[in-house]
Protein chains: 2
Amino acid sequence: MTTRDPRAPGLAALAGLIADGTRAACLLALLDGRAWTAGELARHAGVAASTLSEHLSRLVAGGLLAEERQGRHRYVRLADARVAQLVEDLAAQVAPGAAVRPRTLRAASAGSAMARGRTCYDHLAGRLGIAVTDALTERGLLRQDTGFALTDAGVEWFGRAGIALDRTGRRPLARGCLDWTERRPHLAGVAGAALCRHVLEVGWCVRVGSERAVVVTAAGERGLGALLGLSVEGLR
Amino acid sequence: MTTRDPRAPGLAALAGLIADGTRAACLLALLDGRAWTAGELARHAGVAASTLSEHLSRLVAGGLLAEERQGRHRYVRLADARVAQLVEDLAAQVAPGAAVRPRTLRAASAGSAMARGRTCYDHLAGRLGIAVTDALTERGLLRQDTGFALTDAGVEWFGRAGIALDRTGRRPLARGCLDWTERRPHLAGVAGAALCRHVLEVGWCVRVGSERAVVVTAAGERGLGALLGLSVEGLR
DNA sequence: CGGACACTTCGGCGCCCACCGAAGCGTGCG
DNA sequence: CGCACGCTTCGGTGGGCGCCGAAGTGTCCG
């Protein structure tokens with residue numbers, strides 16, 4: 001032990017939190033941005049409640065999860081957008097072509113709903129997310145060719161659309177998040193989150209089922225068409 | 001085990017590769033972008049050669065490292081820029097204020113040389129990296145306020161400076177890399193790598209010692225001043 | 001107040017893995 | 001050719017950790 005980087009133990013500890021199949025499954029599930037109860041996660045992961053309880057304690061202690069106790073329930077969610085980004089990045093690195101074929105009709109239909117549109121932590125992903133990102137790019141509101149940033153016209157566009165962009169925090173206004181099914185970047189960051197929140201608030205998209213799939217409504221088809229010239233062909 | 005995400009095992013396996021103090025120390029050391037021999041890394045990490053040999057084999061098998069055998073030496077380096085970015089992101093997440101005070105004068109002087117200027121995988125970091133990034137931003141060549149991307153003027157500037165930007169690959173042209181000592185983003189991606197290679201090639205910067213510290217030369221002071229209006233006050 | 005329920009704590013089991021030293025290659029040098 | 005050197009393979013050891021079920025704590029509801 002001579003000149004070892006002092007960050008090594010911390011780095012190993014952080015990776016160690018993710019380096020377990022059960023904890024990894026929890027983190028991936030929590031990528032939907034919502035809060036889950038300990039029991040839900042235990043059933044999802046297929047382990048005893050006691051086992052999962054210990055996993056959650058470690059993840060919370062490590063700063064990856066935030067918890068909120070309500071009565072006899074323990075709700076957990078990802079601590080913040082940085083953690084979500086980290087898990088997403090790691091997941092994108094692994095298995096660039098991890099196409100897993102669904103076995104049942106129900107799974108196939110849920111899978112295609114997920115492929116059409118879903119949320120990724122707090123922004124839109126799937127074909128819907130790509131379509132929105134592409135539309136923004138084509139209209140000169142977002143540029144991806146020299147990095148990933150909104151243009152001045154893009155910032156204006158958010159203002160005109162009545163979507164507030166909080167520029168006080170440290171989170172970047174725009175960043176690309178690599179899509180799992182489409183393998184192309186879609187809009188994340190403050191702008192991605194604000195856009196996703198907006199379309200859900202005004203009813204242009206609604207969540208379906210208990211999964212993180214979302215679908216475009218009739219109002220959304222009109223609204224997105226008018227705002228972005230977006231055609232939702234193949235998205236409904 | 002019911003609806004567990006199929007990516008969970010892969011994610012856990014990837015994190016598991018990093019979730020060991022010795023392997024983490026190797027990855028951090030390799031962030032300098034150069035190839036190390038197995039023996040160098042063993043001494044650096046303070047473990048037996050046999051132990052390190054097994055670690056290297058796992059990291060290579062996991063795709064994090066690339067190896068090259070030369071005679072009786074085994075050289076390893078980070079597999080590509082994506083891996084470097086991943087390790088850097090993880091290290092940035094851990095201990096946002098991991099200020100470790102150097103104990104010896106030699107370490108203090110080496111530390112301050114590192115803080116002045118160093119390479120981070122294949123681009124410039126430290127105060128030098130920040131200064132260059134800031135200069136690019138002030139001159140309207142790079143914008144960080146709405147994301148992180150070169151402007152059209154920025155792309156032109158690289159062309160005029162005779163620094164070729166390879167836009168064929170998948171690597172983004174520009175991206176921000178959070179600096180360890182400065183805690184601010186500096187230019188990474190294709191443009192960051194090209195710029196770093198250029199300043200080393202034309203002798204505007206030189207590496208000092210066997211570490212990854214770099215210093216600006218007299219020619220570099222003139223060149224960077226002319227090209228970016230950069231004053232190297234406090235960088236030499 | 002008592003029972004159902006969600007979660008936690010505890011003891012115990014078994015596996016995995018980081019580590020070492022010794023022995024075994026293969027390369028390069030004198 | 002023989003020795004030095006860098007790396008690898010192999011057996012063995014110890015510690016850490018994921019898992020479970022049983023028992024315990026706290027909450028909600030009738």
Side-chain angles (χ1 to χ4, degrees), chain A residues 1-2 4-5 8-30 34-62 64-77, chain B residues 1-2 4-5 8-30 34-62 64-77:
Chain A
M1 192 105 40
T2 51
R4 214 187 255 225
D5 192 307
L11 175 56
L14 173 59
L17 287 177
I18 312 176
D20 172 83
T22 299
R23 286 196 295 269
C26 291
L27 291 169
L28 288 170
L30 289 164
R34 291 181 296 176
W36 292 50
T37 67
E40 283 170 342
L41 284 172
R43 280 187 297 278
H44 174 81
V47 296
S50 59
T51 299
L52 204 107
S53 174
E54 289 167 358
H55 284 309
L56 291 187
S57 296
R58 291 186 57 178
L59 289 170
V60 169
L64 293 186
L65 299 188
E67 74 178 354
E68 205 169 325
R69 309 240 176 186
Q70 278 182 21
R72 55 187 173 184
H73 292 281
R74 177 194 207 177
Y75 284 94
V76 292
R77 55 183 162 72
Chain B
M1 193 106 36
T2 50
R4 216 187 253 226
D5 192 307
L11 175 55
L14 173 59
L17 287 176
I18 312 176
D20 172 84
T22 299
R23 286 196 296 270
C26 291
L27 291 170
L28 288 170
L30 289 164
R34 293 181 297 177
W36 292 51
T37 68
E40 283 170 342
L41 284 172
R43 280 187 298 277
H44 174 81
V47 296
S50 59
T51 299
L52 204 106
S53 174
E54 289 167 358
H55 284 308
L56 290 187
S57 296
R58 290 187 57 177
L59 290 170
V60 169
L64 293 187
L65 299 188
E67 73 178 352
E68 205 168 326
R69 311 243 175 183
Q70 277 183 21
R72 54 186 175 186
H73 292 280
R74 177 195 206 175
Y75 284 94
V76 292
R77 54 182 164 73

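This one's a predicted model, so the numbers in the text were calculated from it and none came from an experiment. Sequence lines set the chain letters: A, B, ... in the order given, protein chains first and strands last, and positions in each chain run from 1.
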- Task: Check whether any side-chain heavy atom of B:Leu14 sits under 4.5 Å from a side-chain heavy atom of B:Leu64, and report yes or no.
- Result: yes
- Any donor and acceptor pair, going by atom type alone, linking the side chain of A:Arg4 with main-chain N or O of B:Ala45 inside 3.5 Å? yes
- Can you check the A:Glu68 CD to C:dC7 C1' distance for me, whole Å? 16 Å
- Message: Please check this pair: side chain of B:Arg23 against backbone of B:Gly16, looking for a donor-acceptor N/O pair closer than 3.5 Å.
- Response: yes
- Query: Among C:dT27, D:dC7, C:dC5, which nucleotide sits nearest the side chain of A:Arg72?
  - Reply: C:dC5
Check nucleotides 9-15 of chain D for protein N or O atoms closer than 3.5 Å to its own N or O atoms and list the pairs.
{"residue": "D:dC10", "atom": "N4", "partner": "B:Glu54", "partner atom": "OE2", "Å": "3.4"}

- Note on the structure: Taking for B:Ala38 and for A:Arg58 the nucleotide of DNA chain D with the nearest heavy atom, the one nearer the 5' end belongs to B:Ala38
- Task: Check every atom of C:dA6, D:dA4, D:dG18 against the side chain of A:His73 and return the nucleotide holding the closest atom.
- Result: C:dA6
- Item | From CZ (B:Arg43) to CG (B:Leu52), nearest 0.5 Å | 10.5 Å
- How long is the line joining CG of B:Leu41 and P of C:dA18, in whole Å? 16 Å
- Task: Rounded off to whole Å, could you give me the CZ-to-C1' distance for the B:Arg43 and D:dC7 pair?
- Result: 12 Å
- Item | Close side-chain approach of B:Glu67 and B:Leu56, heavy atoms under 4.5 Å | no
- Message: Does D:dG6 have its OP1 or OP2 closer than 4.0 Å to a side-chain nitrogen or oxygen of B:Arg74?
- Response: no
- Query: In whole Å, what is the span from the CD atom of B:Glu67 to the C1' atom of D:dG6?
  - Reply: 14 Å
- Query: Can you check the A:Arg23 CZ to D:dC19 C1' distance for me, whole Å?
  - Reply: 12 Å
- Message: Rounded to whole Å, please give me the gap between CG in A:Leu56 and P in D:dG18.
- Response: 13 Å
- Of the listed nucleotides C:dC7, C:dC5, D:dG18, the one nearest the side chain of A:Arg69: C:dC7
- Compare all side-chain heavy atoms of B:Val76 with those of B:Leu41 and state whether any distance is below 4.5 angstrom. yes
- Can a side chain N or O of B:His55 be found less than 4.0 Å away from OP1 or OP2 on C:dC17? no
- When the distance from CG of B:Leu52 to P of C:dC17 is rounded to whole Å, what number comes out? 17 Å
- Got A:His73 and A:Tyr75 here, is their nearest side-chain heavy-atom distance under 4.5 Å? yes
- From CD1 of A:Ile18 across to P of D:dC17 the rounded distance in Å is 16 Å
